[in-house]
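Please read the structure below before turning to the comments.
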Amino acid sequence: MRLTVTLAACSILAARSVWGWGAIGHETVGYVAMKFLSPKALSFVQSSLGSEYSESLGPAAPWADDVRSEAAFSWSAPFHFVDAEDNPPTSCSVEQIRDCSSGTCILSAIANYTTRVVDTSLSTEQRQEALKFIDHFIGDIGQPLHVEAVEVGGNDINAVCNGEKTNLHAVWDSGIINIFLKAQYSNSAIVWANALTQRIQTGDFKSLTSTWLSCSSTTEPVNNRRRSIEDDINGLVSDATITPLECPLVWARESNAYDCSFVFSYTGFSDLCTSLYATGAQPIIEEQIAKQGYRLAAWLNVLFDGSTGL
Ligand code: ADE
């Protein structure tokens with residue numbers, strides 16, 4: 001019995017490690033967002049999530065990873081990423097039609113759940129589910145390997161992290177985070193989120209926040225001119241029914257740029273989590289988590305209060 005429980009727990013942890021920021025990264029995005037919600041957004045979040053999630057986007061953020069292995073939610077697996085068919089580290093790009101023509105990717109998922117979370121014709125349960133998906137996917141889109149096709153987003157690239165065999169994707173999801181969380185943030189998502197919030201409010205992130213929100217319309221469709229340059233050349237068309245939104249594409253491109261500037265420069269390091277590779281990755285991860293938390297709050301504020309309020 002104990003062995004079964006241990007094996008079950010191990011398989012959940014192993015599964016999680018290949019599926020987006022680990023639970024800690026997602027919770028931290030949610031906890032940062034909670035600090036910047038405006039009144040109606042906060043009220044919706046609290047009543048929708050209820051006591052099951054301590055009325056907070058922090059504890060609710062990992063839910064989408066927890067359910068994706070269940071048969072009832074297997075359809076949701078492709079919504080956690082976009083397989084950008086670029087060529088890092090030489091050339092990085094995300095293209096709406098090239099990379100998400102069928103509409104089954106994180107770009108369409110954010111657009112879809114953005115519409116659903118404010119759709120009053122849906123049930124309370126359906127709107128809570130939409131909120132939990134937004135909470136999760138706005139985090140995932142900030143993980144550079146969630147916007148990358150190469151080697152299944154790095155899942156098929158062998159790596160060593162803190163002496164253990166793993167893969168590049170898991171190193172970015174949780175391997176490096178686990179090391180600095182323990183060393184600097186008492187192993188706590190709340191402590192980390194509080195530190196990031198402080199940096200946003202009064203520290204080194206403060207001057208970046210207006211740029212972080214330069215795209216904050218929850219309805220602006222993907223800019224057709226920019227979308228079609230490459231797609232026109234390749235004669236690509238979309239068969240998706242959900243109107244793609246500009247902001248998720250902007251966020252994905254920003255995150256994907258790190259694949260060229262840093263993420264794929266892993267050769268020559270024997271242990272990615274205890275070497276200079278981790279030292280270089282930490283500031284990227286911290287900014288991505290802080291930024292996506294801030295953007296999550298701004299997104300919900302626009303939806304429920306009509307402006308970012310930030
Ligand atoms: N599965 C296929 N591509 C992926 C990616 N970029 N991230 C996570 N899982 C994936």
Side-chain angles (χ1 to χ4, degrees), residues 11-27 29 61-71 73-113 132-159 161 166-178 240 244 248-266 272 281 284-285 288-289 292:
S11 63
I12 288 167
L13 288 173
R16 263 193 170 168
S17 72
V18 293
W19 289 345
W21 297 120
I24 295 281
H26 279 291
E27 283 164 13
V29 167
W63 171 84
D65 275 341
D66 296 339
V67 298
R68 76 185 260 187
S69 55
E70 294 173 12
F73 283 92
S74 57
W75 54 267
S76 68
F79 292 116
H80 289 246
F81 58 87
V82 55
D83 272 343
E85 298 290 345
D86 56 357
N87 187 25
T90 309
S91 136
C92 277
S93 61
V94 184
E95 297 296 335
Q96 183 74 44
I97 297 180
R98 182 194 66 188
D99 303 325
C100 194
S101 63
S102 62
T104 45
C105 85
I106 193 166
L107 304 171
S108 332
I110 293 175
N112 180 35
Y113 290 110
K132 289 187 289 187
F133 275 127
I134 292 172
D135 188 7
H136 188 87
F137 295 147
I138 290 187
D140 267 349
I141 206 166
Q143 209 278 50
L145 290 168
H146 271 251
V147 288
E148 184 50 65
V150 166
E151 300 286 359
V152 197
N155 275 298
D156 287 353
I157 297 174
N158 292 332
C161 175
T166 179
N167 66 72
L168 186 66
H169 193 100
V171 162
W172 278 82
D173 273 349
S174 53
I176 294 169
I177 292 176
N178 289 343
L249 186 58
V250 166
W251 304 336
R253 285 177 169 156
E254 199 179 281
S255 180
N256 162 274
Y258 284 116
D259 291 319
C260 280
S261 65
F262 188 86
V263 177
F264 279 84
S265 317
Y266 55 81
L272 297 186
I284 298 172
I285 293 171
Q288 289 300 93
I289 295 280
Q292 293 312 115

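All figures in this text were calculated on a predicted structure; none of them were measured in a lab. First listed ligand is number 1; within each ligand, the first listed atom is number 1.
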- Item | Contact atoms of ligand 1, heavy-atom distance to Asp83 under 4.0 Å | 2 (C), 3 (N), 4 (C), 5 (C), 6 (N)

- Task: Any atoms of ligand 1 less than 4.0 Å from a non-hydrogen atom of Gly153? List them with their elements.
- Result: 5 (C), 6 (N)

- With sequence neighbours left out, what residues match Asn178 under side-chain hydrogen bond (donor to acceptor under 3.5 Å, both in side chains)? none

- Does Trp172 have its ring centroid less than 6.0 Å away from the ring centroid of Tyr266? no

- Would you check if the distance from the ring center of Phe137 to the ring center of Phe133 is below 6.0 Å? yes

- Check each heavy atom of Leu145 against ligand 1 and say whether those closer than 4.0 Å belong to the side chain, the backbone, both or neither. backbone

- Query: Distance only, no hydrogens: is a donor on one side chain within 3.5 Å (strictly under) of an acceptor on the other, for Asp140 and His26?
  - Reply: yes

- Sidechain-backbone polar pair: Glu95 side chain, Ile97 backbone, donor-acceptor under 3.5 Å: no

- Task: Could you establish whether Glu148 and ligand 1 come within less than 4.0 Å of each other, counting only heavy atoms on the residue side?
- Result: yes

- Query: Are any of the heavy atoms in Gln143 under 4.0 Å away from ligand 1?
  - Reply: no

